[in-house]
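Below: one structure, written as C-alpha coordinates.
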Amino acid sequence: MILHRCTRRALALLALSTACAPVLAQPPAYPDKPVRLIVPYAPGGPNDVMARVLARQLAADTGQPFVVDNKPGAGGVIGTDAVAKAVPDGYTLGFISAPFTMTPALQPKMPYDTLRDLAPVVRVAESPMVMMVPATSRFGSAQALIAYAAAHPGAVTYGSGGVGSTPHLTTELLGTITGAKFLHVPYKGGGESLKALMGGEVDLLIDSITSTGPAFASGRIRGLGIGQATRAPQLPDVPTFAEAGLQGFAVVHWVGVVATARTPQPVLDALQAQIGKALQHPEVVRKLAELGARPVADTPAAFGGFIRDELAKWQQLVRNAGIVAQ
(Lines give C-alpha, C1' and ligand atoms only; values in the text may rest on other atoms or scores of the structure.)
Protein backbone atom coordinates (compact mmCIF):
# COMPACT_ATOMS: atom_id res chain seq x y z
CA MET A 1 0.00 0.00 0.00
CA ILE A 2 2.83 2.37 0.94
CA LEU A 3 4.63 1.36 -2.28
CA HIS A 4 1.55 2.17 -4.34
CA ARG A 5 1.20 5.58 -2.65
CA CYS A 6 4.89 6.31 -3.34
CA THR A 7 4.52 5.23 -6.95
CA ARG A 8 1.46 7.42 -7.45
CA ARG A 9 3.24 10.38 -5.80
CA ALA A 10 6.31 9.89 -8.06
CA LEU A 11 4.15 9.72 -11.17
CA ALA A 12 2.30 12.86 -10.15
CA LEU A 13 5.57 14.71 -9.60
CA LEU A 14 6.89 13.51 -12.96
CA ALA A 15 3.74 14.71 -14.73
CA LEU A 16 3.95 18.07 -12.98
CA SER A 17 7.62 18.50 -13.88
CA THR A 18 6.90 17.60 -17.52
CA ALA A 19 4.05 20.05 -17.75
CA CYS A 20 6.15 22.82 -16.26
CA ALA A 21 9.18 22.14 -18.48
CA PRO A 22 9.88 24.92 -20.97
CA VAL A 23 8.74 24.22 -24.52
CA LEU A 24 11.64 24.46 -26.97
CA ALA A 25 10.92 26.97 -29.72
CA GLN A 26 10.75 25.45 -33.17
CA PRO A 27 12.64 27.32 -35.93
CA PRO A 28 10.31 29.10 -38.36
CA ALA A 29 9.68 27.46 -41.67
CA TYR A 30 11.89 28.77 -44.47
CA PRO A 31 11.26 31.26 -45.91
CA ASP A 32 9.25 33.40 -43.49
CA LYS A 33 10.21 36.75 -45.07
CA PRO A 34 11.23 38.07 -48.51
CA VAL A 35 14.27 36.50 -50.20
CA ARG A 36 16.72 38.54 -52.25
CA LEU A 37 17.95 36.86 -55.45
CA ILE A 38 21.00 38.70 -56.77
CA VAL A 39 21.56 38.43 -60.53
CA PRO A 40 25.11 39.65 -61.26
CA TYR A 41 24.16 40.77 -64.77
CA ALA A 42 22.13 43.58 -66.33
CA PRO A 43 18.34 43.26 -66.65
CA GLY A 44 16.84 41.90 -69.83
CA GLY A 45 19.38 39.23 -70.77
CA PRO A 46 18.59 35.50 -70.80
CA ASN A 47 20.12 34.89 -67.37
CA ASP A 48 17.96 37.65 -65.91
CA VAL A 49 14.85 36.30 -67.65
CA MET A 50 15.45 32.78 -66.27
CA ALA A 51 16.01 34.18 -62.77
CA ARG A 52 12.71 36.05 -62.92
CA VAL A 53 10.83 32.99 -64.18
CA LEU A 54 12.17 31.00 -61.23
CA ALA A 55 11.58 33.80 -58.71
CA ARG A 56 7.92 34.18 -59.68
CA GLN A 57 7.27 30.48 -59.26
CA LEU A 58 9.10 30.31 -55.93
CA ALA A 59 7.02 33.23 -54.65
CA ALA A 60 3.83 31.50 -55.75
CA ASP A 61 4.87 28.23 -54.10
CA THR A 62 6.16 29.62 -50.79
CA GLY A 63 3.97 32.67 -50.29
CA GLN A 64 7.04 34.88 -49.83
CA PRO A 65 8.48 37.33 -52.38
CA PHE A 66 11.69 36.34 -54.15
CA VAL A 67 13.00 39.74 -55.20
CA VAL A 68 15.40 39.86 -58.16
CA ASP A 69 18.20 42.38 -57.58
CA ASN A 70 20.45 43.06 -60.59
CA LYS A 71 24.05 43.88 -59.62
CA PRO A 72 26.05 43.81 -62.86
CA GLY A 73 29.74 44.51 -63.26
CA ALA A 74 33.18 42.90 -63.54
CA GLY A 75 31.86 39.83 -65.35
CA GLY A 76 29.52 38.93 -62.51
CA VAL A 77 32.06 39.40 -59.73
CA ILE A 78 30.38 42.41 -58.08
CA GLY A 79 27.01 40.77 -57.60
CA THR A 80 28.48 37.44 -56.56
CA ASP A 81 30.71 39.16 -54.01
CA ALA A 82 27.59 40.67 -52.43
CA VAL A 83 26.27 37.14 -51.92
CA ALA A 84 29.57 35.90 -50.52
CA LYS A 85 29.58 38.67 -47.91
CA ALA A 86 25.88 38.47 -46.96
CA VAL A 87 24.49 37.14 -43.70
CA PRO A 88 24.47 33.32 -44.04
CA ASP A 89 20.76 32.83 -43.39
CA GLY A 90 19.46 31.93 -46.85
CA TYR A 91 17.75 35.25 -47.46
CA THR A 92 20.38 36.49 -49.91
CA LEU A 93 21.00 34.18 -52.85
CA GLY A 94 22.99 34.42 -56.07
CA PHE A 95 21.86 33.43 -59.56
CA ILE A 96 25.17 32.48 -61.15
CA SER A 97 26.11 31.24 -64.61
CA ALA A 98 29.05 29.74 -66.49
CA PRO A 99 31.47 32.70 -65.99
CA PHE A 100 31.32 31.92 -62.26
CA THR A 101 33.82 29.13 -62.97
CA MET A 102 35.70 30.93 -65.75
CA THR A 103 36.55 34.27 -64.17
CA PRO A 104 38.72 32.84 -61.35
CA ALA A 105 41.05 31.37 -63.98
CA LEU A 106 41.76 34.87 -65.27
CA GLN A 107 41.59 36.84 -62.02
CA PRO A 108 43.78 35.28 -59.35
CA LYS A 109 42.91 38.09 -56.89
CA MET A 110 39.19 37.55 -56.53
CA PRO A 111 37.34 39.32 -53.67
CA TYR A 112 35.91 35.97 -52.61
CA ASP A 113 36.92 32.33 -52.72
CA THR A 114 34.67 30.54 -55.22
CA LEU A 115 34.64 27.26 -53.29
CA ARG A 116 35.01 28.43 -49.70
CA ASP A 117 32.73 31.51 -49.53
CA LEU A 118 29.67 30.26 -51.40
CA ALA A 119 27.43 27.25 -50.89
CA PRO A 120 26.04 25.46 -53.99
CA VAL A 121 22.28 24.96 -53.83
CA VAL A 122 21.15 23.71 -57.23
CA ARG A 123 21.99 23.92 -60.91
CA VAL A 124 18.81 25.38 -62.34
CA ALA A 125 19.08 24.94 -66.10
CA GLU A 126 21.44 24.48 -69.01
CA SER A 127 21.36 25.44 -72.67
CA PRO A 128 23.52 24.40 -75.62
CA MET A 129 26.17 26.52 -77.29
CA VAL A 130 25.75 27.26 -80.98
CA MET A 131 28.52 27.82 -83.54
CA MET A 132 27.39 30.67 -85.80
CA VAL A 133 28.66 32.50 -88.86
CA PRO A 134 27.20 35.40 -90.88
CA ALA A 135 24.61 34.35 -93.44
CA THR A 136 27.02 35.47 -96.19
CA SER A 137 29.95 33.44 -94.81
CA ARG A 138 32.03 31.39 -97.22
CA PHE A 139 32.16 28.58 -94.66
CA GLY A 140 29.43 26.05 -95.25
CA SER A 141 30.37 23.69 -92.44
CA ALA A 142 32.21 23.58 -89.14
CA GLN A 143 34.88 21.37 -90.64
CA ALA A 144 35.54 23.83 -93.49
CA LEU A 145 35.92 26.71 -91.05
CA ILE A 146 38.23 24.77 -88.73
CA ALA A 147 40.38 23.49 -91.58
CA TYR A 148 40.85 27.03 -92.88
CA ALA A 149 41.65 28.38 -89.41
CA ALA A 150 44.22 25.63 -88.90
CA ALA A 151 45.87 26.31 -92.26
CA HIS A 152 45.72 30.11 -91.90
CA PRO A 153 46.39 30.96 -88.23
CA GLY A 154 44.66 34.18 -87.16
CA ALA A 155 42.76 34.62 -90.44
CA VAL A 156 39.42 33.59 -88.92
CA THR A 157 38.12 36.13 -86.41
CA TYR A 158 35.66 35.43 -83.64
CA GLY A 159 33.71 37.72 -81.35
CA SER A 160 32.85 37.58 -77.69
CA GLY A 161 31.39 39.73 -74.95
CA GLY A 162 34.85 40.29 -73.52
CA VAL A 163 37.93 38.51 -72.21
CA GLY A 164 36.91 35.63 -69.98
CA SER A 165 33.34 35.48 -71.28
CA THR A 166 31.75 32.16 -72.16
CA PRO A 167 32.09 32.67 -75.95
CA HIS A 168 35.76 33.63 -75.51
CA LEU A 169 36.87 30.59 -73.54
CA THR A 170 34.56 28.24 -75.42
CA THR A 171 36.14 29.21 -78.75
CA GLU A 172 39.63 28.92 -77.29
CA LEU A 173 38.70 25.42 -76.12
CA LEU A 174 37.57 24.57 -79.65
CA GLY A 175 40.93 25.75 -80.98
CA THR A 176 42.78 23.65 -78.44
CA ILE A 177 40.81 20.53 -79.35
CA THR A 178 41.00 20.96 -83.14
CA GLY A 179 44.32 22.77 -83.66
CA ALA A 180 42.58 25.77 -85.26
CA LYS A 181 44.04 29.22 -84.57
CA PHE A 182 41.42 31.96 -84.28
CA LEU A 183 41.81 35.71 -83.73
CA HIS A 184 39.80 37.02 -80.78
CA VAL A 185 37.83 40.28 -81.15
CA PRO A 186 36.31 41.20 -77.78
CA TYR A 187 33.29 43.50 -77.56
CA LYS A 188 31.56 45.27 -74.69
CA GLY A 189 28.94 42.64 -73.99
CA GLY A 190 27.30 39.70 -75.71
CA GLY A 191 24.77 41.86 -77.54
CA GLU A 192 27.53 43.82 -79.27
CA SER A 193 29.34 40.67 -80.35
CA LEU A 194 26.15 39.26 -81.85
CA LYS A 195 25.54 42.49 -83.76
CA ALA A 196 29.11 42.30 -85.05
CA LEU A 197 28.49 38.78 -86.35
CA MET A 198 25.24 39.80 -88.02
CA GLY A 199 27.05 42.69 -89.69
CA GLY A 200 29.91 40.52 -90.91
CA GLU A 201 32.54 42.22 -88.73
CA VAL A 202 33.70 38.83 -87.42
CA ASP A 203 33.69 35.36 -88.95
CA LEU A 204 32.53 33.32 -85.97
CA LEU A 205 30.64 33.44 -82.70
CA ILE A 206 29.95 30.57 -80.31
CA ASP A 207 27.29 31.51 -77.80
CA SER A 208 24.30 30.08 -75.95
CA ILE A 209 21.13 29.43 -77.88
CA THR A 210 19.33 31.53 -75.25
CA SER A 211 21.04 34.65 -76.63
CA THR A 212 20.60 34.05 -80.33
CA GLY A 213 16.94 33.38 -81.17
CA PRO A 214 16.09 36.79 -82.71
CA ALA A 215 19.34 36.80 -84.70
CA PHE A 216 18.48 33.48 -86.34
CA ALA A 217 14.96 34.71 -87.02
CA SER A 218 16.41 37.72 -88.86
CA GLY A 219 18.10 35.41 -91.38
CA ARG A 220 21.41 37.24 -90.96
CA ILE A 221 23.30 34.35 -89.35
CA ARG A 222 23.66 30.61 -89.93
CA GLY A 223 24.40 27.79 -87.50
CA LEU A 224 27.20 25.31 -88.16
CA GLY A 225 26.74 23.19 -85.04
CA ILE A 226 24.97 22.95 -81.70
CA GLY A 227 26.23 21.38 -78.50
CA GLN A 228 23.59 18.84 -77.53
CA ALA A 229 22.83 15.20 -78.30
CA THR A 230 19.92 15.96 -80.63
CA ARG A 231 19.05 18.88 -82.88
CA ALA A 232 17.21 21.77 -81.26
CA PRO A 233 13.54 22.22 -82.20
CA GLN A 234 14.23 25.94 -82.66
CA LEU A 235 17.08 25.21 -85.11
CA PRO A 236 16.23 21.94 -86.86
CA ASP A 237 18.63 22.59 -89.74
CA VAL A 238 21.67 23.06 -87.47
CA PRO A 239 23.60 19.79 -86.95
CA THR A 240 24.79 18.69 -83.54
CA PHE A 241 28.50 19.09 -82.85
CA ALA A 242 28.85 15.32 -83.25
CA GLU A 243 27.11 15.43 -86.64
CA ALA A 244 29.40 18.30 -87.61
CA GLY A 245 32.48 16.22 -86.80
CA LEU A 246 33.27 17.89 -83.48
CA GLN A 247 33.28 14.86 -81.20
CA GLY A 248 34.72 15.70 -77.80
CA PHE A 249 33.71 19.36 -77.94
CA ALA A 250 31.16 19.63 -75.13
CA VAL A 251 30.31 22.98 -73.56
CA VAL A 252 26.96 24.15 -72.22
CA HIS A 253 25.78 27.41 -70.78
CA TRP A 254 24.34 26.86 -67.33
CA VAL A 255 22.71 28.82 -64.51
CA GLY A 256 22.37 27.95 -60.85
CA VAL A 257 21.68 29.22 -57.36
CA VAL A 258 24.23 29.65 -54.58
CA ALA A 259 23.93 30.84 -51.00
CA THR A 260 26.43 32.36 -48.62
CA ALA A 261 28.78 29.83 -47.05
CA ARG A 262 27.78 28.64 -43.58
CA THR A 263 24.08 28.91 -44.38
CA PRO A 264 22.39 26.26 -42.18
CA GLN A 265 21.98 22.93 -43.91
CA PRO A 266 18.21 22.73 -43.27
CA VAL A 267 17.81 26.02 -45.12
CA LEU A 268 19.89 24.75 -48.06
CA ASP A 269 17.86 21.54 -48.14
CA ALA A 270 14.59 23.50 -48.10
CA LEU A 271 15.83 25.74 -50.90
CA GLN A 272 16.89 22.81 -53.06
CA ALA A 273 13.52 21.14 -52.59
CA GLN A 274 11.60 24.34 -53.33
CA ILE A 275 13.60 25.09 -56.47
CA GLY A 276 13.29 21.49 -57.62
CA LYS A 277 9.52 21.72 -57.24
CA ALA A 278 9.40 25.04 -59.11
CA LEU A 279 11.39 23.59 -62.00
CA GLN A 280 8.76 20.89 -62.46
CA HIS A 281 5.97 23.42 -62.96
CA PRO A 282 4.72 23.25 -66.56
CA GLU A 283 4.83 27.01 -67.04
CA VAL A 284 8.46 27.19 -65.88
CA VAL A 285 9.43 24.29 -68.17
CA ARG A 286 7.65 25.98 -71.07
CA LYS A 287 9.32 29.35 -70.55
CA LEU A 288 12.76 27.80 -70.21
CA ALA A 289 12.15 25.82 -73.40
CA GLU A 290 11.24 29.02 -75.22
CA LEU A 291 14.74 30.24 -74.40
CA GLY A 292 16.31 26.97 -75.50
CA ALA A 293 17.08 25.84 -71.94
CA ARG A 294 16.08 22.77 -69.97
CA PRO A 295 15.72 22.31 -66.18
CA VAL A 296 18.45 20.42 -64.33
CA ALA A 297 17.55 20.53 -60.60
CA ASP A 298 20.48 18.53 -59.23
CA THR A 299 21.55 18.26 -55.58
CA PRO A 300 23.90 20.63 -53.72
CA ALA A 301 26.55 17.90 -53.70
CA ALA A 302 26.23 17.26 -57.44
CA PHE A 303 26.28 20.98 -58.20
CA GLY A 304 29.36 21.42 -56.02
CA GLY A 305 31.15 18.65 -57.91
CA PHE A 306 30.16 20.20 -61.22
CA ILE A 307 31.57 23.58 -60.13
CA ARG A 308 34.87 22.01 -59.07
CA ASP A 309 35.18 20.20 -62.41
CA GLU A 310 34.42 23.37 -64.37
CA LEU A 311 36.93 25.40 -62.37
CA ALA A 312 39.65 22.85 -63.11
CA LYS A 313 38.77 22.70 -66.82
CA TRP A 314 38.93 26.44 -67.40
CA GLN A 315 42.03 26.92 -65.27
CA GLN A 316 43.83 24.32 -67.37
CA LEU A 317 42.67 25.95 -70.61
CA VAL A 318 43.75 29.44 -69.56
CA ARG A 319 47.13 28.13 -68.40
CA ASN A 320 47.79 26.06 -71.53
CA ALA A 321 46.57 28.72 -73.97
CA GLY A 322 48.38 31.54 -72.19
CA ILE A 323 45.21 33.67 -71.94
CA VAL A 324 45.57 36.79 -69.81
CA ALA A 325 43.02 39.29 -68.57
CA GLN A 326 43.06 42.68 -70.27
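All values below come from the heavy atoms of this structure, side chains included, with hydrogens, waters and symmetry mates left out. Worth saying up front: this structure is predicted, and the values here are computed from it rather than measured.
Summarising the geometry, atom CG belonging to Leu268 is positioned 12.0 Å from atom CZ belonging to Arg262; distances are rounded to the nearest 0.5 Å. Thr210 OG1 to Asn47 CG: the interatomic distance, rounded to the nearest 0.5 Å, is 6.5 Å. Atom CZ of Phe95 and atom OH of Tyr41 lie 10.5 Å apart (nearest 0.5 Å). Interatomic distance, CZ of Phe306 versus CG of Leu311, reported as 10.0 Å (0.5 Å rounding). Distance check: Leu204 CG to Leu174 CG gives 7.5 Å after rounding to the nearest 0.5 Å. Rounding to the nearest 0.5 Å gives a distance of 4.5 Å between CZ of Phe303 and CH2 of Trp254.
Atom NZ of Lys277 sits in a sparse spot, with 12 or fewer heavy atoms from other residues, nucleotides or ligands closer than 6.0 Å. With a 6.0 Å radius and a threshold of 12 heavy atoms from other residues, nucleotides or ligands, Lys85 has its NZ atom above the threshold.
For Tyr158 and Glu172, the side-chain atoms include at least one donor-acceptor pair closer than 3.5 Å. Side-chain contact annotation: Tyr30 with Asp89, donor-acceptor N/O pair under 3.5 Å absent. Between the side chains of His184 and Thr171, no donor-acceptor pair of N or O atoms lies under 3.5 Å.
The one candidate from Val238, Leu246, Thr170, Ile226 that meets the side chain to side chain contact (heavy atoms under 4.5 Å, CB included) condition with Met131 is Leu246.
Side chains of Pro99 and Thr166 form a contact here, defined as non-hydrogen atoms less than 4.5 Å apart. Annotation: side chain of Val77 is in contact with side chain of Tyr112 (closest heavy-atom distance under 4.5 Å). No side-chain heavy atom of Pro295 sits under 4.5 Å from any side-chain heavy atom of Gln280. Using a 4.5 Å cut-off on side-chain heavy atoms (C-beta onward), Ser208 and Met129 make contact. Between Trp314 and Leu173 the shortest side-chain heavy-atom distance falls below 4.5 Å. Here the side chains of Phe241 and Pro128 are not in contact, with every heavy-atom distance at 4.5 Å or above. You'll find the side chain of Val87 stays beyond 4.5 Å of the side chain of Thr92, heavy atoms only. At least one side-chain heavy atom of Pro134 sits less than 4.5 Å from a side-chain heavy atom of Leu197.
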Trace of the side-chain contact (heavy atoms from CB on, under 4.5 Å) decision for Leu145 with Phe182: CA-CA 10 Å; Leu145 183 148; Phe182 305 107; 3.6 Å; yes
side-chain contact (heavy atoms from CB on, under 4.5 Å) between Leu279 and Val124, worked out: CA-CA 8 Å; Leu279 291 174; Val124 171; 3.8 Å; yes
Candidate pair Asp298 and Val122, rule side-chain contact (heavy atoms from CB on, under 4.5 Å), full reasoning: CA-CA 6 Å; Asp298 55 5; Val122 61; 3.8 Å; yes
Trace of the side-chain contact (heavy atoms from CB on, under 4.5 Å) decision for Leu58 with Gln274: CA-CA 7 Å; Leu58 287 170; Gln274 290 159 0; 4.0 Å; yes
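Formation of a donor-acceptor pair under 3.5 Å by the Thr212 side chain with backbone atoms of Ala215 is not found in this model. For Arg36 (side chain) and Val67 (main-chain N/O), no donor-acceptor pair under 3.5 Å exists by modelled atom type. No donor-acceptor pair under 3.5 Å is formed between the side chain of Glu126 and the backbone N or O of Arg294. Formation of a donor-acceptor pair under 3.5 Å by the Gln57 side chain with backbone atoms of Val284 is not found in this model. Side chain of Thr101 to main chain of Ala98: a donor-acceptor pair is present (N/O by atom type, distance under 3.5 Å, no hydrogens or angles). When atom types are taken as modelled, the side chain of Gln272 and the backbone of Pro120 share no donor-acceptor pair closer than 3.5 angstrom. No donor-acceptor pair closer than 3.5 Å links the side chain of Asp69 to the backbone N or O of Ile38.
In this structure, Glu290 does not pair ionically with Lys287, as no charged nitrogen and carboxylate oxygen lie closer than 4.0 Å. Salt-bridge check for Arg52 with Asp48: passed, with a basic side-chain N closer than 4.0 Å to an acidic carboxylate O.
A pairwise comparison of heavy atoms in Ala51 and Val39 identifies CB-CG2, 3.5 Å as the closest pair. Shortest non-hydrogen contact noted between Thr260 and Ala119 is O-CB, 3.9 Å. The minimum heavy-atom distance linking Ile209 with Ala232 is given by the pair CD1-CB, 4.0 Å. Considering every non-hydrogen atom in both His168 and Val163, the closest pair reads ND1-CA, 3.5 Å. Gly276 approaches Ala297 most closely through the heavy-atom pair CA-CB, 4.3 Å. Of all heavy-atom pairs between Ser160 and Ser193, the closest is O-CB, 3.4 Å.
Partners of Arg231 by salt bridge (Lys or Arg N to Asp or Glu O under 4.0 Å), not counting sequence neighbours, listed by chain and number: Glu243. Shown here are the salt bridge (Lys or Arg N to Asp or Glu O under 4.0 Å) partners of Arg116, two or more places apart in sequence or in another chain: Asp113.
With hydrophobic clusters built from ILVMFWY side chains whose heavy atoms lie under 4.5 angstrom apart, Val49 does not share a cluster with Val285. Leu93 and Val296 are assigned to two separate hydrophobic clusters, defined by single-linkage of ILVMFWY side chains at heavy-atom distances under 4.5 Å. Note on Val35 and Met50: same hydrophobic cluster, where clusters join Ile, Leu, Val, Met, Phe, Trp and Tyr whose side-chain heavy atoms are under 4.5 Å apart, directly or indirectly. In the hydrophobic clustering of ILVMFWY residues, with side-chain heavy atoms under 4.5 Å counting as a link, Leu118 and Val257 come out apart. Hydrophobic cluster membership is shared by Leu288 and Leu54, with clusters built from Ile, Leu, Val, Met, Phe, Trp and Tyr side chains linked at under 4.5 angstrom.
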